[in-house]
Amino acid sequence: MSNAFADIILPVAVAGSYTYGIPPGIHDEIQRGTLVTVPFGQSKSSMGLVINTHNTPPTGFMPKEITGVIPLQTALNERITDFILWVSDYYMALPGEVMKAAIPSADDLVSSSVPRKKRSSANSIAAEIIPPAELNALQNEAYTGVKELFNDHEVVLLRGVTSSGKTEIYIHLISEQLAMGRQVLYMLPEIALTTQIIERLQKHFGAAIGVYHSRLTPAARQDVWRRAGNGSLGAVLGVRSSLFLPFKDLGLIIVDEEHDSSYKQYDPAPRYHARDAAMMLSRIHGGVTLLGSATPSVESYHNATSGRYGLVELTARYGDVKMPEMIIADTRSHGKKKKAVSHFSSRLLDAVGEALAKGEQVILFQNRRGFSPYLMCSDCGWVPRCTNCSVSYTYHKSAGKMKCHYCGKSEALPGVCPECGSTAVTTRGFGTEKIEEEIRLLYPSATVARMDQDTTKRRNAASQILSAFAGGATDILIGTQMISKGLDFEKLTVVGILDADSMLWFPDFRAFERSFQLIEQVSGRAGRRDRRGTVIIQTADPSHIILRQVLKHDYKAMCRTQLEERELFGYPPFTKIIRIVIRHRDIDELNLSSARLAEKLREHLGKFVLGPEFPAVMQVQKWYIKTLLIKLGKELSASRVKEMIRKAMEAELKMPRQGMLRIHADVDPQ
Ligand code: ADP
Ligand code: ZN
Ligand code: ZN
């Protein structure tokens with residue numbers, strides 16, 4: 001007998017599912033994973049995802065009926081449904097929020113279910129398909145090692161130093177999956193990287209591989225979505241959202257640069273970690289996951305050395321290119337010796353000058369954006385700040401304004417200090433824009449380019465900057481994290497890390513690990529077979545333990561010391577962290593609510609609850625913020641704790657006068 005009712009989730013922020021009637025005639029088509037149209041609220045045809053069918057009529061109301069089945073949706077299957085519900089459960093997001101993230105072309109699908117003409121991307125595909133490069137002995141050993149470990153591990157970590165040929169190994173693994181008729185998802189943390197890698201992959205896989213990210217046109221996205229679903233697309237190269245493509249049969253997920261924090265989604269919900277969610281997706285498909293990095297997260301390395309994951313290490317660069325020489329430039333001598341020019345030590349300037357004279361290229365890395373992070377009165381120390389967000393304004397020279405990076409509010413520069421009347425309100429710190437300006441003055445005949453959030457807003461802008469540099473049209477490239485990975489640059493020999501201290505002293509328990517990873521990664525771009533690269537790190541703390549480890553490229557030592565710290569202070573991987581973010585328009589109400597919530601949680605969790613505290617930025621766009629940190633020891637059941645937290649949050653939201661209260665949980669915050 002066929003079922004009369006279906007439980008359906010809708011892409012809206014409500015808890016739970018809705019029950020609808022299944023009209024006669026479409027019974028056969030309705031099952032877990034079917035995408036349907038249903039009347040909901042004001043809308044006559046909202047999209048819904050069937051998660052269950054049954055014969056239990058709902059009590060107290062007459063269910064409305066499903067109005068249709070969205071055509072071509074046979075692609076959506078039980079697997080994606082299982083995944084959506086797992087993400088919702090694990091990351092404490094509403095199922096509808098996950099569904100919204102999972103099916104981005106929802107409106108398109110409903111409004112125009114006529115399949116669009118397949119976008120031809122043939123022009124960008126190499127005419128001739130060439131076989132993968134032959135692996136050298138070490139690479140081959142790593143490749144067979146990975147495959148063997150997959151016999152008894154769902155997850156394998158490939159730690160391969162920069163330029164060791166990890167990508168070549170991925171290419172071999174992809175070929176193998178495609179030959180078996182299974183699909184592959186190759187994930188990268190940033191869009192800018194996909195454009196570089198896709199060209200490399202299309203040489204080998206032609207139209208069998210597609211690319212997926214948010215900057216594609218809706219039609220192109222929908223095309224990948226359909227072809228991943230019907231299995232005609234063998235492999236997808238994508239960013240974190242590609243996890244939600246309705247793959248038919250995934251044999252392998254590759255998570256490249258697995259340590260990268262941009263795999264975690266911050267806002268909006270679902271706040272998922274794409275690396276960790278990938279492992280669950282693979283499991284749902286009966287596939288495997290390969291994590292790759294030159295500098296894995298200490299969590300992953302810990303999992304690998306403790307046997308939970310398989311571990312393969314590739315320690316030599318392809319073609320025996322030497323690791324770059326690492327040099328520390330002590331910025332403390334700046335004032336004394338009068339040798340430094342502005343933000344650049346003489347050490348760095350000498351190296352840049354030499355490189356340019358030899359026709360070589362330079363990268364200058366600065367972990368900040370904008371001309372100057374803040375302005376300050378040199379006489380009294382007053383700093384202009386955004387009144388909405390309580391963060392210092394960033395000075396944007398081109399616009400001649402100060403701008404808030406959280407809410408976008410901007411103001412004209414203060415002519416005089418409102419505190420003391422001094423006219424000496426000057427710029428402090430430095431960003432990529434300032435560096436560019438100074439470098440242009442220092443090297444007027446060099447071609448200089450800058451790559452940061454401001455210069456890469458246009459579609460393709462990032463890949464244009466990178467190609468110009470790769471092609472030798474640019475001598476000096478200045479940039480943020482964005483330039484830390486991706487292409488190999490033939491003539492790049494000098495990398496300058498302009499301000500290591502700002503990375504090291506970022507207030508986060510992962511700051512040391514992140515600094516090591518960033519410096520290693522940027523350094524990895526320097527040097528080729530015939531010329532060894534040089535990396536110059538500017539710092540006021542030359543004996544810092546992380547810098548000493550970076551000098552020796554000693555990843556293992558970094559990992560060991562960081563893990564010791566983590567264990568000592570109770571951080572992941574030795575605990576699990578859930579952050580609860582409480583926001584209110586009224587600061588007194590916020591204090592009351594957060595204290596009440598903390599108290600309730602402490603009844604169950606006691607010392608595991610930290611806070612509530614105001615975060616560094618305590619107000620964003622008129623919302624005051626407090627956070628609670630829950631550190632769960634291994635002895636606690638995370639799922640039971642989450643259920644308890646969920647109930648406590650709901651109870652608090654139901655208190656009177658809480659219309660302006662918002663609470664969300666961030667599981668495994670980065
Ligand atoms: P990784 O991904 O570890 O940074 P890549 O796979 O990008 O390393 O390899 C670095 C460079 O060496 C690339 O230009 C790549 O084409 C080249 N390379 C690596 N392995 C081989 C190989 N077996 N045959 C030919 N070229 C190789
Ligand atoms: Zn002043
Ligand atoms: Zn603001």
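Counting starts at 1 for both ligands and their atoms, following the listed order.
Close approach of ligand 1 to Leu135 is summarised as follows: ligand atoms under 4.0 Å from at least one heavy atom of the residue are 23 (N). Atom numbering of ligand 1 starts at 1 in the shown order; those under 4.0 Å from a heavy atom of Val161 are 3 (O).
Looking at ligand 1, you'll find an N or O of Gly165 within less than 3.5 Å of one of its N or O atoms. At least one N or O atom of Glu134, backbone or side chain, sits closer than 3.5 Å to an N or O atom of ligand 1.
Residue contact annotation: Arg200 has a non-hydrogen atom under 4.0 Å from ligand 1. Within the structure, the closest approach of Ser163 to ligand 1 falls below 4.0 Å when heavy atoms are considered.
Inspection of the Glu258 and Ser300 side chains reveals an N or O donor paired with an N or O acceptor under 3.5 Å. Glu360 and Thr493 form a side-chain donor-acceptor contact under 3.5 Å, judged by distance and modelled atom types alone.
Figure legend: Arg662 and Trp623 shown without cation-pi pairing, the cationic atom not lying both under 6.0 angstrom from the six-membered ring centre and within 45 degrees of its axis.
Rounded to 10°, the angle formed at the Zn ion (ligand 2) by Cys420 SG and Cys417 SG is 110°.
Only the side chain of Ala133 comes within 4.0 Å of ligand 1, counting heavy atoms alone; its backbone N, CA, C and O stay farther away.
Separation of atoms CG (Asn591) and CD1 (Ile582) is listed at 10.0 Å; rounding is to 0.5 Å. Here the straight-line distance linking atom CD of Glu199 with atom CG of Leu237 works out to 11.5 Å at 0.5 Å rounding.
Aromatic rings from Tyr143 and His172 are positioned such that their centres are separated by under 6.0 Å.
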